[in-house]
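A short write-up of the structure that comes next.
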Amino acid sequence: MLDLSARAAVVTGATGNLGHAVVRAFLERGAHVAVPARDDAKADELRSMLASLTGPTEDPHLVIETVDIADRGAMDAFVERVMRAWGRLDILANLAGGYAGGAADDYSVMERLWEQNVRTVVTATAACLRPMRARGYGRICTVSAYSALRGRKGGAPYAMSKGALLRWTESLAEEVKAEGITANAVLPSTIDHPVNRANMPKADPKTWVTPEELAAVIVFLCSDEASGITGATIPVTART
């Protein structure tokens with residue numbers, strides 16, 4: 001198992017369907033994890049589910065605070081609190097985002113998904129880059145989507161927002177590669193979680209990506225062992 005006991009991570013979107021698996025994977029490997037969350041009830045659920053992994057009171061391995069990750073000032077303040085608590089910030093896993101169908105001329109849906117899928121990623125990354133650059137070390141992994149590779153009917157707004165993350169990741173990787181920081185993106189096909197099962201009752205979820213499978217890829221890309229991988233956009237399609 002990868003050893004992340006010397007690392008501190010920020011995970012956005014941690015209270016979502018994928019987030020529980022990713023936070024658990026980081027904690028199981030010894031990392032300290034800070035979660036900026038918007039929903040207090042979901043934050044309490046995450047804290048309760050992972051109680052056995054959160055560490056002692058004097059050195060908590062999981063910190064969850066109510067933060068708007070689309071607000072740069074709020075994210076800067078959150079990162080500053082992480083630095084005061086742990087003295088470092090090594091990893092950012094950008095999981096936050098949303099999905100909606102929409103036509104290619106539906107600009108209102110495009111704007112909403114841009115805010116959910118692009119602004120949140122760029123804002124969180126901008127805040128976390130400062131301490132990473134100061135230490136000369138960082139791992140940034142962003143969740144895009146396999147559908148970003150090809151448009152389809154009724155999917156233009158989502159594909160556009162997730163596709164933008166691919167070019168952004170490549171550009172970011174070029175900008176920071178000489179500073180000890182890597183930036184990569186994962187492109188999952190359909191993830192097996194209750195919402196997708198409810199929305200697609202006739203599909204076979206056994207072919208879908210499990211949250212644990214995707215979490216394992218994300219954690220690896222955030223490890224020391226993945227130092228040679230940057231600017232990569234990696235499909236994670238399981239059995240589809």
Side-chain angles (χ1 to χ4, degrees), residues 4 7-57 59-86 88-100 112-132 138-145 161-162 165 185-186 188 191 193-196 211-212 214-215 218-219 222:
L4 298 176
R7 302 300 180 196
V10 167
V11 180
T12 72
T15 61
N17 292 304
L18 172 62
H20 287 213
V22 172
V23 173
R24 176 180 293 277
F26 277 124
L27 291 173
E28 287 177 340
R29 290 156 179 81
H32 288 68
V33 180
V35 172
R38 289 175 168 173
D39 187 312
D40 289 337
K42 290 183 178 180
D44 289 341
E45 179 186 358
L46 176 65
R47 192 180 289 108
S48 176
M49 290 184 66
L50 299 176
S52 63
L53 297 171
T54 56
T57 304
D59 181 26
H61 282 215
L62 178 64
V63 171
I64 306 175
E65 295 187 10
T66 303
V67 180
D68 181 358
I69 61 173
D71 183 318
R72 176 62 190 274
M75 275 304 299
D76 282 342
F78 175 72
V79 167
E80 181 60 32
R81 291 191 293 274
V82 170
M83 293 298 295
R84 286 202 300 268
W86 296 330
R88 63 188 308 137
L89 197 169
D90 309 285
I91 295 165
L92 170 63
N94 284 310
L95 313 184
Y99 173 81
R112 175 156 47 90
L113 288 179
W114 192 267
E115 289 292 306
Q116 291 178 330
N117 294 335
V118 180
R119 180 176 177 176
T120 54
V121 168
V122 175
T123 301
T125 302
C128 293
L129 269 176
R130 291 188 301 111
M132 289 180 180
R139 298 286 185 267
I140 299 167
C141 186
T142 298
V143 177
S144 177
S161 64
K162 289 296 191 176
L165 294 177
V186 292
I191 302 173
H193 57 68
V195 175
N196 281 338
E212 291 74 21
L214 186 53
I218 292 169
V219 168
C222 293

Looking only at non-hydrogen atoms, find the nearest pair between [X] and [Y] and report the distance.
X      : Y      : result
Gln116 : Gly98  : OE1-CA, 3.7 Å
Ala215 : Ala25  : CB-CB, 4.3 Å
Pro194 : Asn17  : CD-OD1, 4.2 Å
Cys222 : Leu4   : O-CD2, 4.3 Å
Ala124 : Thr12  : CB-CG2, 4.0 Å
Val79  : Pro131 : CG1-CG, 3.8 Å

Between the side chain of Thr123 and the main-chain N/O of Arg119, is any donor-acceptor distance below 3.5 Å?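 A pair under 3.5 Å: yes.
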What's the spacing between [X] [atom1] and [Y] [atom2] if we round to 0.5 Å?
X     : Y      : atom1 : atom2 : value
Leu18 : Leu95  : CG    : CG    : 5.0 Å
His20 : His193 : NE2   : NE2   : 12.0 Å
Phe26 : Ile218 : CZ    : CD1   : 7.5 Å
Thr66 : Phe78  : OG1   : CZ    : 10.0 Å
Arg29 : Arg24  : CZ    : CZ    : 11.0 Å
Ile91 : His32  : CD1   : NE2   : 12.0 Å

Quick check: do [X] and [Y] have side-chain heavy atoms less than 4.5 Å from each other?
X      : Y      : value
Val35  : Val10  : no
Val23  : Leu62  : yes
Tyr99  : Asn117 : no
His61  : Thr54  : no
Leu113 : Lys162 : no
Cys141 : Leu92  : no
Met75  : Val67  : yes
Val82  : Arg84  : no

Modelled atom types, side-chain donor and acceptor of Asp39 and Thr15, under 3.5 Å: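 Side-chain D/A pair, Asp39 to Thr15: absent.
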Would Leu214 and Ile191 satisfy side-chain contact (heavy atoms from CB on, under 4.5 Å), going step by step from the backbone distance to the final call? CA-CA 8 Å; Leu214 186 53; Ile191 302 173; 3.7 Å; yes
Run the numbers on Asp90 and Met132 for side-chain contact (heavy atoms from CB on, under 4.5 Å), then give the verdict. CA-CA 6 Å; Asp90 309 285; Met132 289 180 180; over 6 Å; no
May I ask you to say whether Arg38 pairs ionically with Asp68, meaning some side-chain N is under 4.0 Å from a carboxylate O?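 Yes.
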Give the intermediate values and the outcome of side-chain contact (heavy atoms from CB on, under 4.5 Å) for residues Asp44 and Arg47. CA-CA 5 Å; Asp44 289 341; Arg47 192 180 289 108; 2.8 Å; yes
Working for side-chain contact (heavy atoms from CB on, under 4.5 Å), residues Leu50 and Leu27: CA-CA 9 Å; Leu50 299 176; Leu27 291 173; 4.0 Å; yes
Applying side chain to side chain contact (heavy atoms under 4.5 Å, CB included) between Val121 and each of Val143, Asn94, Ile140, report the one that passes.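 Single pass found, and it is Asn94.
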